Colleague: 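Here it is, the structure, as structure tokens.
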Amino acid sequence: MDVNDMGRDLEKVLVSAKEIDARLSELAKEIDEYYDGEPIVLVGVLRGSVMAMADLARKLHTPLVMDWMATSSYGSGTKSSGVVRILKDLNEDISGRRILIVEDIVDSGLTLSWLVENLQSRGPKEIKIMTMLRKPEAIRKMKVDVDWVAFDVGEEFVIGYGLDYAEEYRGLPFIGTLASHVYGGEE
Ligand code: 5GP
């Protein structure tokens with residue numbers, strides 16, 4: 001899926017596939033330096049972080065295991081409430097292990113702070129967080145310390161590179177915004 005498949009639905013590209021690739025290479029280097037060869041468990045939250053996990057994992061030299069959680073937020077529309085239900089739990093026992101959560105986007109930080117608390121209760125050695133995107137509210141509220149951020153974006157709703165609108169657009173290799181007609185707005 002690429003720009004040509006978007007027709008009139010795309011408003012603009014915010015971060016190109018090339019920029020994502022270059023930034024993830026930089027972050028992977030920093031992350032490798034930090035872990036210094038010690039094994040980690042990458043924890044991805046389905047479904048938004050699938051692309052980031054796949055690309056980051058392929059760039060890291062740190063020995064790693066990939067595991068996944070699926071959660072459902074009780075939020076309405078495009079905002080999360082932070083009240084989360086686990087639909088699929090981790091397969092791995094993470095006690096005593098070093099965990100790197102790979103997030104798609106941190107907005108209010110409610111989802112992430114719930115996740116950190118949940119994983120913390122399982123007795124890992126350490127929990128670190130990498131997110132592809134961070135919105136201004138996450139910086140203002142500082143609910144959770146994010147260790148590695150690929151890109152800061154504005155308040156606008158973004159899609160692509162794993163992120164959806166009504167389950168569409170996850171397959172796009174870039175991050176962008178949607179034209180208002182997609183949301184039923186004016187042209
Ligand atoms: P938070 O709990 O930090 O407010 O929200 C995080 C979750 O809300 C993300 O994992 C994502 O599912 C969703 N989300 C927040 N902002 C956006 C956005 O701009 N685009 C998309 N597609 N999802 C978003």
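Note that ligands are numbered from 1 as they come in the structure, with each ligand's atoms numbered from 1 the same way. Computed from a predicted structure; not experimentally measured.
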Colleague: Please confirm whether Tyr165 comes within less than 3.5 Å of ligand 1 when only nitrogen or oxygen atoms on both sides are compared.
Modeller: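 No; every N/O pair is 3.5 Å or more apart.
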
Colleague: Closer than 4.0 angstrom: is that true for some heavy atom of Phe157 and an atom of ligand 1?
Modeller: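 Within the 4.0 Å threshold, so yes.
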
Colleague: Do Ile159 and Met6 come within less than 4.5 Å of each other through their side chains, counting heavy atoms only?
Modeller: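 Side chain of Ile159 against side chain of Met6, heavy atoms only: contact under 4.5 Å found.
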
Colleague: Mind checking whether Ile105 has a heavy atom under 4.0 Å from ligand 1?
Modeller: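 Yes, Ile105 has heavy atoms under 4.0 Å from ligand 1.
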
Colleague: At under 4.0 Å between heavy atoms, is it the side chain or the backbone of Asp104 that contacts ligand 1, or both, or neither?
Modeller: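 The answer is the side chain of Asp104.
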
Colleague: Determine whether the side chain, the backbone, both or neither of Lys135 has a heavy atom under 4.0 Å from any heavy atom of ligand 1.
Modeller: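 For Lys135, only side-chain atoms sit under 4.0 Å from ligand 1.
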
Colleague: Can you list, pair by pair, the side-chain donor-acceptor contacts under 3.5 Å of residues 36-43, counting residues two or more places apart and other chains?
Modeller:
{"from": "Glu38", "atom 1": "OE1", "to": "Lys125", "atom 2": "NZ", "distance (Å)": "3.4"}
{"from": "Glu38", "atom 1": "OE2", "to": "Arg98", "atom 2": "NH1", "distance (Å)": "3.1"}

Colleague: So is Val158 polar-close to ligand 1, meaning N/O to N/O under 3.5 Å?
Modeller: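 Such a contact does occur with ligand 1.
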
Colleague: Should Lys29 and Asp32 count as an ion pair when the cut-off is N to O under 4.0 Å?
Modeller: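 No, Lys29 and Asp32 are not salt-bridged.
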
Colleague: For the residue pair Phe157 and Tyr183, does the interplanar ring angle fall in the parallel (under 30°), tilted (30 to 60°) or perpendicular (over 60°) class?
Modeller: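 Perpendicular.
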
Colleague: Is there a heavy atom in Gly48 that sits closer than 4.0 Å to ligand 1?
Modeller: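 It does not; every heavy atom stays at 4.0 Å or beyond.
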
Colleague: Closer than 3.5 angstrom, by distance alone: can the side chain of Asp5 be matched with the main-chain N or O of Asp2 as a donor-acceptor pair?
Modeller: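 Checking the backbone N and O of Asp2 against the side chain of Asp5, a donor-acceptor pair under 3.5 Å is found.
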
Colleague: Hey, is Arg97 close enough to Asp67 for a salt bridge, meaning N to O under 4.0 Å?
Modeller: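 Between Asp67 and Arg97 there is no salt bridge, as every charged N stays at least 4.0 Å from the carboxylate O atoms.
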
Colleague: Of the options Ile105, Val158, Leu133, which is the one that meets Phe151 in a side-chain contact (heavy atoms from CB on, under 4.5 Å)?
Modeller: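 Answer after filtering Ile105, Val158, Leu133: Leu133.
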
Colleague: Below 4.0 angstrom from a heavy atom of Leu163, which ligand 1 atoms are there? Numbered from 1 as shown, please.
Modeller: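 It comes down to these atoms of ligand 1: 21 (C), 22 (N), 23 (N).
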
Colleague: For Thr111, take its heavy atoms, then give the atoms of ligand 1 lying under 4.0 Å from any of them.
Modeller: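 In order of number, 1 (P), 2 (O), 5 (O), 6 (C).
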
Colleague: Return the option from Ser49, Gly162, Ser108 holding the heavy atom at the smallest distance from atom 4 (O) of ligand 1.
Modeller: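 Looking at heavy atoms only, the winner is Ser108.
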
Colleague: For Trp68, what residues pass the ring-ring contact (aromatic ring centres under 6.0 Å, His included) criterion, not counting sequence neighbours?
Modeller: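 With sequence neighbours excluded, Trp68 shows a ring-ring contact (aromatic ring centres under 6.0 Å, His included) to no residue whatsoever.
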
Colleague: Any heavy atom of Ile159 closer to ligand 1 than 4.0 angstrom?
Modeller: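 No, that is not the case, since the closest heavy atom of the residue is not under 4.0 Å from the ligand.
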
